[in-house]
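Data block below; observations after.
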Amino acid sequence: MKQSRRAATLPVAFFRRPAETVAAELLGKVVVSTAGGELAAGRIVETEAYLGYDDPASHGYLHRRNARNAALFGPPGIWYVYLSYGMHWCSNLVCQRAGLASAVLLRALEPVDGLATMRRRRGSVPDHELCSGPGKLCQALGITRDLDGVAMAGGPVMVLQGEPLAPGSFSATPRIGITKAADWPLRFHLVGSPWTSRKEKGGRFRRSPAP
DNA sequence: GCGCCGATTGGCT
DNA sequence: GCCAATCGGCGCC
């Protein structure tokens with residue numbers, strides 16, 4: 001029986017590639033969570049790639065492995081979830097192959113389903129701030145350490161095929177919130193999306209300097 | 001609208 | 001003791 005393209009879960013092979021490639025291609029895909037017994041879903045509009053043991057910003061830099069980041073060294077297609085600044089959960093999808101410590105951080109979503117649940121979980125914030133950051137989207141989707149090390153396919157939080165993106169609809173910019181190798185252009189976002197963690201700068205969104 | 005700062009946990013020096 | 005892949009509140013243009 002033929003499955004609808006929209007409803008198909010991404011195959012593990014999708015993640016068996018460099019994090020940079022996966023990060024770009026995750027844009028437009030839909031994350032569906034049933035964590036906590038409630039449905040919440042969003043379209044991915046912003047990601048960040050962490051390349052592996054030779055990326056100074058990766059938690060697995062120089063193969064540093066500990067109790068917190070063990071899932072990062074696991075097989076492609078599993079979740080790596082960690083606590084940031086002692087307060088916020090951040091969700092990654094492991095890429096390429098086990099042992100490389102390569103992953104993609106989900107940074108922002110456009111809410112598409114379960115808005116009432118997201119609003120309740122997030123408190124009173126405007127809708128464009130429900131999932132506009134890695135910690136915020138985890139709170140909105142009910143993601144916690146429970147998801148760490150769990151397979152994406154068939155698990156409580158899955159990524160589905162979205163509509164194909166038009167060529168040139170995304171852009172690569174420097175990574176956010178880190179001090180090492182932050183300038184590497186490994187943050188990907190849908191150009192012009194109002195759902196990202198940062199407002200668009202430059203181009204038509206900013207007045208040109210006086211001549 | 002922008003920038004600074006504190007909250008709070010865990011792993012490392 | 002220090003720092004971190006963050007967030008939200010507050011003060012000041």
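Proteins get letters first, then strands, A, B, ... in listed order; numbering begins at 1 in each. Both backbone and side-chain heavy atoms feed into the values below; hydrogens, waters and symmetry mates do not.
Here C/dA5 sits opposite no nucleotide as a Watson-Crick or G-U wobble pair (both hydrogen-bonding atom distances under 3.5 Å).
The nearest whole Å value for the distance from the CD atom in A/Glu48 to the P atom in C/dA5 is 10 Å. Atom-to-atom, OH of A/Tyr61 to C1' of B/dC12 comes out at 15 Å; the value is rounded to the nearest Å. A straight line from NZ of A/Lys136 to P of C/dT6 spans 11 Å, rounded to a whole angstrom. Protein atom NE2 of A/His59 is 11 Å distant from nucleotide atom C1' of B/dG10, rounded to whole Å. Per the geometry, CZ belonging to A/Arg175 stands 14 Å off C1' belonging to C/dA4, to the nearest Å. Rounded to whole Å, the distance from CZ on A/Arg107 to P on C/dA5 is 11 Å. The nearest whole Å value for the distance from the CZ atom in A/Arg65 to the P atom in B/dG10 is 20 Å. As rounded to whole Å, 15 Å separates atom P of B/dC5 from atom OH of A/Tyr85.
A residue-by-residue look at A/Val125 and A/Leu105 shows that A/Leu105 has its nearest nucleotide of DNA chain C further toward the 5' end. Residue whose closest nucleotide on DNA chain B sits further toward the 5' end, between A/Gly86 and A/Arg64: A/Gly86.
Between A/Arg68 and A/Asp148 there is no salt bridge, since no side-chain N of the basic residue sits under 4.0 Å from a carboxylate O of the acidic one. Using a cut-off of 4.0 Å between Lys/Arg side-chain N and Asp/Glu carboxylate O, A/Arg175 and A/Glu48 are scored as not salt-bridged.
A/Val81 and A/Leu72 fall into different hydrophobic clusters, defined by Ile, Leu, Val, Met, Phe, Trp and Tyr side-chain heavy atoms under 4.5 Å apart, directly or through other members.
Between C/dC10 and B/dT8, the distance separating the two P atoms is 15 Å to the nearest Å. With both ends at atom C1', the span from C/dG8 to B/dG10 equals 22 Å, rounded to whole Å.
A/Arg145 comes within 4.0 angstrom of nothing in the nucleic acid, heavy atoms only. Contacts of A/Ala182 with the nucleic acid, taken as non-hydrogen atoms under 4.0 Å apart, are absent. Note on A/Asn69: nothing from the nucleic acid sits closer than 4.0 angstrom, heavy atoms only.
With C/dT6, C/dG8, C/dA5 as the choices, the nucleotide that has an atom nearest any side-chain atom of A/Tyr82 turns out to be C/dA5. Among the nucleotides B/dT9, B/dG11, C/dA5, the one closest to any side-chain atom of A/Leu83 is B/dT9. Checking C/dA5, C/dG8, C/dT6 against every side-chain atom of A/Asn92, the shortest atom distance belongs to C/dA5.
Between A/Asn66 and B/dG10 there is no side-chain N or O to OP1 or OP2 distance below 4.0 Å. Regarding contacts with the backbone of C/dA4, a side-chain N or O of A/Thr179 is found under 4.0 angstrom from either OP1 or OP2.
Proximity of a side-chain donor or acceptor of A/Asn69 to a complementary backbone N or O of A/Asn66 within less than 3.5 Å is detected.
Between the OH atom in A/Tyr82 and the CZ atom in A/Arg145 there is a gap of 11.0 Å [rounded to 0.5 Å].
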Are A/Ser193 and A/Glu110 close enough, and set up right, to give a side chain to side chain donor-acceptor pair (under 3.5 Å), and what steps lead you there? CA-CA 9 Å; A/Ser193 171; A/Glu110 170 185 349; 5.4 Å; no
